[in-house]
Amino acid sequence: MDLDGTDNLLALAVQLASDAADLLLEGLTRDRVVVTTKTTGTDMVTEIDQASERLIVDGILLARPDDGILGEEGTDRVGTSGVRWVIDPIDGTTNYLYGHPGFAVSIAVEIDGIISVGVVNDPLHGEVFTATIGGGSFRNGKPITASTQSNLANALVGTGFSYEAERRRRQAEVLGKVIPHIRDIRRMGAASVDLCSVACGRIDAYWERGLQPWDHAAGALIATEAGAIVGNLDGGEPEFDFCLAGPPALFAALRDLLAASGAAGA
Ligand code: 2AM
Ligand code: CA
């Protein structure tokens with residue numbers, strides 16, 4: 001697809017994320033109710049998660065009826081155009097349920113299997129992060145870059161915990177081994193925003209296990225285009241087993257520390 005095609009996809013993704021973000025803000029003015037749970041009792045879904053996904057999916061299909069779509073709340077549509085949308089209608093649902101800052105609408109677009117557009121809209125902070133492959137990363141239209149920190153001891157590192165209790169316990173053990181070797185830890189609660197935080201240098205690095213494609217697809221492109229490395233522990237792409245993001249000067253040292261701390265099995 002030519003540059004125009006990518007730009008058109010970006011414009012549509014920005015518009016749909018903005019419409020969904022308005023829906024999220026409107027939902028904050030009313031009581032929020034858990035309508036169902038998924039993997040565990042703490043993996044919650046509100047009616048706003050479902051309404052936001054419906055809004056985004058309807059908008060995509062209206063403009064581009066031949067595209068594929070993968071969405072957290074159940075959309076799994078095979079397309080014929082070579083374009084597939086990967087969406088999280090609310091990333092950071094626990095924060096959203098509590099009205100706590102740290103949730104976002106995340107929309108990525110794959111072209112022929114390659115993530116080529118990423119948009120993360122964090123409505124409470126009024127921040128829209130965007131990236132196109134090879135085109136750099138932006139926050140509200142201004143270019144952003146990842147941190148230049150090279151000393152692990154001075155690195156502020158984000159992470160997240162599983163919805164599953166026993167896994168959370170193991171992850172807390174890993175944290176106990178990692179935290180003496182870094183500046184401090186942040187746990188915000190929305191993977192897409194954490195990856196954007198790496199992209200703009202307001203944390204130095206981030207890792208988490210157990211992420212789904214819709215959690216990291218857009219944020220990983222935004223972090224990568226901002227100069228960070230995003231991958232698993234073995235030099236591969238970010239995946240369910242591991243997502244680590246950080247600037248080149250920190251990535252290897254943090255990866256080694258995490259591996260030595262047993263993060264891969266936690
Ligand atoms: P969600 O809010 O869309 O569920 C929290 O650490 C971050 O990880 C959130 O981005 C959350 O997305 C995501 N996440 C996805 N699957 C998860 C899981 N099984 N356990 C915990 N967090 C998960
Ligand atoms: Ca979600």
Side-chain angles (χ1 to χ4, degrees), residues 16-17 20-21 23-24 27-28 32 34-57 69-76 85-108 118-125 127 129 157-172 174-175 185-199 203 205-223 230 232 238-245 263 266:
L16 293 173
L23 191 80
L24 267 50
L28 278 185
R32 289 167 301 289
V34 176
V35 290
T36 185
T37 56
K38 286 180 289 197
T39 54
T40 72
T42 49
D43 186 355
M44 299 160 297
V45 182
T46 70
E47 59 182 356
I48 311 291
D49 292 78
Q50 296 173 337
S52 174
E53 179 150 322
R54 247 188 334 267
L55 180 154
I56 296 166
V57 168
I69 311 175
L70 177 68
E72 173 163 21
E73 305 313 333
T75 308
D76 192 358
W85 298 68
V86 181
I87 63 183
D88 192 340
I90 304 180
D91 184 35
T93 291
T94 306
N95 283 338
Y96 185 70
L97 195 69
Y98 280 76
H100 189 285
F103 57 83
V105 178
S106 175
I107 302 182
V119 175
V120 174
N121 185 316
D122 175 347
L124 273 191
H125 292 117
E127 292 185 322
F129 293 90
V157 182
T159 191
F161 303 114
S162 173
Y163 287 125
E164 196 211 314
E166 173 54 24
R167 176 162 278 199
R168 269 208 305 272
R169 192 193 59 71
R170 292 201 303 271
Q171 291 173 327
V174 170
L175 202 57
I185 282 286
R186 292 291 179 269
R187 195 282 192 255
M188 275 77 71
S192 62
V193 181
D194 290 334
L195 287 162
C196 291
S197 294
V198 171
I203 54 176
Y206 160 76
W207 93 89
E208 185 157 354
R209 289 200 75 200
L211 295 183
Q212 301 289 346
W214 44 77
D215 296 315
H216 61 67
L221 179 66
I222 293 165
V230 186
N232 63 14
E239 52 172 358
F240 184 80
D241 262 357
F242 219 92
C243 177
L244 169 60

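We're numbering straight along the sequence, starting at 1. All values below were derived from every heavy atom in this structure, side-chain atoms included, with hydrogens, water molecules and symmetry-related copies excluded. No experiment lies behind these values; they were computed from the predicted model shown. Whatever order the structure lists ligands and atoms in, that order sets their numbers, starting from 1.
Summary: OE1 is the N/O/S atom of Glu72 found nearest to the Ca ion (ligand 2). Closest approach between the Ca ion (ligand 2) and any N/O/S atom of Asp88 involves OD1.
Between atom 3 (O) of ligand 1 and the options Asp49, Asp88, Thr93, the minimum heavy-atom separation is to Asp88. Counting heavy atoms only, Glu208 comes closest to atom 7 (C) of ligand 1 of the residues Glu208, Arg187, Met188, Arg167.
Interface of Ala191 with ligand 1, defined as ligand atoms under 4.0 Å from a residue heavy atom, comprises 7 (C), 9 (C), 10 (O). Every atom of ligand 1 is numbered from 1 in the order shown, and the set under 4.0 Å from a heavy atom of Ser162 is 20 (N), 21 (C). The distance from ligand 1 to the heavy atoms of Leu211 drops below 4.0 Å at these ligand atoms: 8 (O), 13 (C). Interface atoms of ligand 1 facing Gly92, defined by a heavy-atom separation under 4.0 Å, are 1 (P), 2 (O), 3 (O).
Shortest non-hydrogen contact noted between Ala220 and Pro238 is CB-CG, 4.3 Å. Shown here for Gly92 and Phe103, the closest heavy-atom pair between the two residues is O-CB, 3.5 Å. Heavy-atom minimum distance, Leu124 versus Pro101: CD1-CA, 3.8 Å.
Looking only at heavy atoms of the protein, atom 11 (C) of ligand 1 is closest to Asp91 OD1, 3.7 Å. Of the protein's heavy atoms, Gly210 O, 3.4 Å lies nearest to atom 16 (N) of ligand 1. In terms of protein heavy atoms, atom 19 (N) of ligand 1 is closest to Tyr163 CD1, 3.6 Å. Of the protein's heavy atoms, Asp215 OD2, 3.7 Å lies nearest to atom 14 (N) of ligand 1.
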Next on the checklist: Would Thr93 and Val45 count as a side-chain contact (heavy atoms from CB on, under 4.5 Å) here? Give the steps.
Outcome noted: CA-CA 7 Å; Thr93 291; Val45 182; over 6 Å; no
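Heavy atoms of Ile90 come nearer than 4.0 angstrom to ligand 1 in at least one pair.
Geometrically, ligand 1 and Thr39 share no nitrogen or oxygen pair separated by less than 3.5 Å.
By the criterion of a heavy-atom distance under 4.0 Å, the backbone of Phe161, and not its side chain, is placed next to ligand 1.
Going from atom CZ of Arg209 over to atom CZ of Phe240 covers 7.5 Å, rounded to the nearest 0.5 Å.
Judged by distance alone, the side chain of Asn95 and the main-chain N or O of Met188 form a donor-acceptor pair under 3.5 Å. Formation of a donor-acceptor pair under 3.5 Å by the Glu72 side chain with backbone atoms of Trp214 is not found in this model. Side-chain atoms of Arg169 do not come within 3.5 Å of backbone N or O of Ala165 as any donor-acceptor pair. Proximity of a side-chain donor or acceptor of Asp91 to a complementary backbone N or O of Ser106 within less than 3.5 Å is not detected.
Residue Ile90 counts as close to the Ca ion (ligand 2), with an N, O or S atom under 3.0 Å.
Between the side chains of Asp49 and Thr46, a donor-acceptor pair is found at a separation under 3.5 Å.
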